[in-house]
Amino acid sequence: MMQQPNLAPIPELYVNADSAQKLKVEAGNMPSWDLTARQICDLELLMNGGFHPLKGFLTEADYDSVVEDLHLASGALWPMPITLDVTQAFADGVEPGTDIALRDQEGVILAIMSVTDRWTPNKQREAEKVFGADDLAHPAVNYLHNVAGPVYLGGPITGLQPPTHYDFRGRRDTPNELRAYFRKLGWRRIVAFQTRNPLHRAHQELTFRAAREAQANLLIHPVVGMTKPGDVDHFTRVRCYEAVLDKYPQATTHLSLLNLAMRMAGPREAVWHGIIRRNHGLTHMIVGRDHAGPGKNSQGQDFYDPYAAQELFRQHQDEIGIEMVDFKQMVFVQERAQYEPRDEVEPGATILDISGTELRRRLREGLEIPEWFSFPEVVTQLRRTSPPRHKQGFTVFFTGLSGSGKSTIANALMVKLMEMGGRPVTLLDGDVVRKHLSSELGFSKEHRDINIKRIGYVASEITKNGGIAICAPIAPYTATRRAVREMIEQFGAFVEVHVATTLEECERRDRKGLYKLAREGKIKEFTGISDPYEEPQTPELRVQTEGVDVDYAAQQVLLKLEQMGLIGLS
């Protein structure tokens, strides 16, 4: 039997208000780093003790030890690299021994970091050891290679103030606030339910059983920092949690939000979640099937064995300091009209289940979601955020070589959609955007990426607000197109259309005379000649334009949009 929890306060990294005020003044002379969204999540949990025993972002020695062995150089269990990744330009100006000011995205100083280490990590090694494969289908591996900076800085943190959250303030508890709450109520055994999804009836049954099995109170502890691209936004999820709280016994259940940036690292993530929950004063944690799994790899296989997370947690349970309550998948048995663990259901019984993909399809198409699966209150919240597809905004993103016919088809599509009516349509053509949004940019890879991300940002805002965005840039790089897809898919559908005209045909057309100039060396970094074009591997639609009129090509796109349920051709 595990010891009763020590609910004494856990060390935080904040200084007192007077010291913080003095340091804020001194910070005016320090190099400043504007933190990314993920770094803000990490910094908050460093400062408030959620990442105890870490005293700051990992040093190189700690990083190497964590990557190779799931332990800090001191020998303490810690499975996840918590690193401050920065640009090469910023790193070049920061020698070890320098103090830097860490600021939020509005420039407010949150902490000072004393830089002790600066190094260029082997990201391939990090991907293989931490996430199990250097596979860009994994969202954290894609982040590592295509979003995170190339240089890591390590060193201790002096916390000045926590990041400001304007949403659900009464639901956000630091580790010490939760510990004080448990002390006040006399809770000695508390089981955490970690989730990044809305709660449905299977989750309720699972949490009831887990609390019963552990003879413990229940903390519903959802992640509201960064989860996986495509997940339901946290505003909707928290409204769903609040809608079902009265289905739980009030005296033994608490809801608290965790501002964690998940890595979807499966087994390592489960161990990490366990340490974080111990720091919040918990004694038990539910680890279910495929805990924090990111889905399929680039070969279409699951990244992790469904019970690998439970096995790794079990191996390190004593070091983690809390007990695992392991659960198999819960399914609805029709004959008994109740939920049971799948492995306990006898052969021949009728099992009903709705996958996440199927739930999204039903929401998208406005189909019934049965009461045995979810609570009407949850479905109401989900329908508010995810109306049927034909009422949502979406983006059609054409990509192809210069002269492939993108703009022509995009213009024809715009007119056809405007003829149908119902939603505002905006065309973000490459040349027009260059003139109005990106006139200061050149054609280097960095500037092309900035241009495409600007287009993506505008398209995401149009999509969020229920409009149709049609984009027609060259967009030659896979990683940038993926970043735009992730930006837009938070709010609606992203339809990638590869206008697959060959280089020979584009050069033959050469309406603007650009290929001729590129061949003569008068235009540098020209896509298809001196700069690569990375063809989309799995676009929603591939359109051939040779020997095909524009009207036919635009009609192919309309048919695809209809097939996806985004428009009706009636």
Side-chain angles (χ1 to χ4, degrees), residues 12-15 23-24 26-27 29-67 72-74 76 78-123 125-127 129-131 139-163 225-226 259-263 265 268 272 275-276:
E12 296 184 351
L13 302 182
Y14 292 110
V15 293
L23 287 168
K24 281 179 189 176
E26 290 173 24
N29 300 315
M30 296 176 191
S32 264
W33 177 252
D34 290 343
L35 297 157
T36 64
R38 181 158 106 173
Q39 290 166 351
I40 290 172
C41 290
D42 287 350
L43 179 64
E44 180 172 357
L45 285 162
L46 281 169
M47 294 191 297
N48 70 20
F51 283 174
H52 181 73
L54 301 193
K55 300 284 195 294
F57 289 100
L58 295 187
T59 62
E60 187 173 6
D62 279 332
Y63 165 81
D64 288 339
S65 184
V66 166
V67 167
L72 301 169
S74 67
W78 190 268
M80 196 61 58
I82 304 299
T83 51
L84 188 73
D85 58 279
V86 298
T87 61
Q88 187 68 56
F90 184 80
D92 289 344
V94 178
E95 292 294 327
T98 310
D99 283 354
I100 62 172
L102 302 180
R103 298 179 185 274
D104 70 13
Q105 287 154 335
E106 292 174 11
V108 175
I109 182 164
L110 303 179
I112 288 169
M113 176 178 174
S114 302
V115 178
T116 58
D117 295 64
R118 180 186 66 190
W119 75 100
T120 302
N122 179 343
K123 291 188 174 185
R125 183 82 178 144
E126 182 177 337
K129 296 294 286 188
V130 177
F131 305 109
V141 175
N142 179 62
Y143 187 98
L144 187 65
H145 288 303
N146 293 320
V147 181
V151 183
Y152 289 173
L153 302 179
I157 292 296
T158 303
L160 306 187
Q161 65 184 73
M226 297 169 70
N259 196 46
L260 175 72
M262 288 183 68
R263 273 49 167 190
R268 279 190 185 234
W272 188 41
I275 295 169
I276 293 165

**Student:** Could you pull out the closest heavy-atom pair between Leu160 and Lys24, with the gap in Å?
**Tutor:**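 Shortest heavy-atom contact: CD1-CG, 3.9 Å.
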**Student:** Minimum heavy-atom separation for Thr116 and Pro156, please, with both atom names.
**Tutor:**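 Nearest heavy atoms, Thr116 then Pro156: CG2-CD, 3.9 Å.
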**Student:** Side chains of Gln39 and Asp85, heavy atoms from C-beta outward: is any pair under 4.5 Å?
**Tutor:**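 Heavy-atom side-chain distance check passes, below 4.5 Å.
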**Student:** One thing to verify: whether Glu60 and Arg118 come together as a salt bridge, which I'm taking to mean a side-chain N less than 4.0 angstrom from a carboxylate O.
**Tutor:**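 Between Glu60 and Arg118 there is no salt bridge, as every charged N stays at least 4.0 Å from the carboxylate O atoms.
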**Student:** I need the minimum non-hydrogen distance between Leu45 and Asn259, along with the two atoms involved.
**Tutor:**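 Taking Leu45 first and Asn259 second, the nearest heavy atoms are CD1-O, 3.6 Å.
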**Student:** Is the closest side-chain heavy-atom distance between Ile275 and Pro79 below 4.5 Å?
**Tutor:**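 Of all side-chain heavy-atom pairs linking Pro79 with Ile275, at least one is under 4.5 Å.
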**Student:** Any idea which heavy atoms bring Thr59 and Trp119 closest together, and the distance?
**Tutor:**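 Heavy-atom minimum between the residues: C-CH2, 3.7 Å.
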**Student:** Aromatic ring centroids of Trp78 and Tyr63 under 6.0 Å?
**Tutor:**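 No, too far apart.
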**Student:** Quick one: does NZ or CZ of Arg263 land under 6.0 Å from the six-membered ring centre of Phe131, within 45 degrees of the ring axis?
**Tutor:**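 Not flagged: Arg263 not positioned over aromatic ring of Phe131.
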**Student:** Any side-chain donor-acceptor pair under 3.5 Å between Asp99 and Ser114?
**Tutor:**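 Checked: Asp99/Ser114 side chains pair up, N/O donor to acceptor below 3.5 Å.
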**Student:** Rounded to the nearest 0.5 Å, what separation is found between the CG atom of Leu84 and the OG1 atom of Thr36?
**Tutor:**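 Here the interatomic distance stands at 8.0 Å.
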**Student:** Go through the structure and list residues passing salt bridge (charged side-chain N to carboxylate O under 4.0 Å, His left out) with Arg268, not counting sequence neighbours.
**Tutor:**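 Checked Arg268 against salt bridge (charged side-chain N to carboxylate O under 4.0 Å, His left out); zero matches.
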**Student:** Minimum heavy-atom separation for Tyr152 to Lys123, with atom names?
**Tutor:**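 Tyr152 and Lys123 have their closest heavy atoms at OH-CE, 4.2 Å.
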**Student:** Could you tell me whether the side chain of Val66 reaches within less than 4.5 Å of the side chain of Leu72, counting heavy atoms only?
**Tutor:**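 They are in side-chain contact.
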**Student:** Within the structure provided, determine whether Pro163 and Ile40 are in side-chain contact (heavy-atom separation under 4.5 Å).
**Tutor:**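 Yes, close enough: below the 4.5 Å cut-off.
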**Student:** Check whether any side-chain heavy atom of Gln105 sits under 4.5 Å from a side-chain heavy atom of Leu35, and report yes or no.
**Tutor:**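 Side chain of Gln105 against side chain of Leu35, heavy atoms only: no contact under 4.5 Å found.
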**Student:** Got Phe57 and Leu102 here, is their nearest side-chain heavy-atom distance under 4.5 Å?
**Tutor:**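 A side-chain contact exists here, since the closest heavy-atom pair is under 4.5 Å.
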**Student:** Sequence neighbours left out, what pairs pass ring pair (Phe, Tyr, Trp, His ring centres under 6.0 Å) with at least one residue falling in residues 83-108?
**Tutor:**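 The answer is Trp33-Phe90.
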**Student:** So, taking the atom named CD in Gln161 and the one named CD in Glu44, what distance separates them when rounded to the nearest 0.5 Å?
**Tutor:**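 Atom-to-atom, Gln161:CD and Glu44:CD are 11.5 Å apart.
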**Student:** Just so I know, are the side chains of Met113 and Leu153 near enough to count as touching, which here means a heavy-atom distance under 4.5 Å?
**Tutor:**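 Result yes, sub-4.5 Å side-chain heavy-atom pair found.
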**Student:** Using side-chain heavy atoms (C-beta onward) and a distance below 4.5 Å, is Val151 in contact with Gln88?
**Tutor:**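 In short, these two side chains touch, coming nearer than 4.5 Å.
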**Student:** For the OG1 atom of Thr87 and the CG atom of Asp92, what is their distance to the nearest 0.5 Å?
**Tutor:**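 Answer for the OG1-CG pair, Thr87 versus Asp92, is 8.0 Å.
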**Student:** Give me the atom names and distance for the closest heavy-atom approach of Ile157 to Gly56.
**Tutor:**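 Of all heavy-atom pairs spanning Ile157 and Gly56, the closest is CG1-CA, 3.5 Å.
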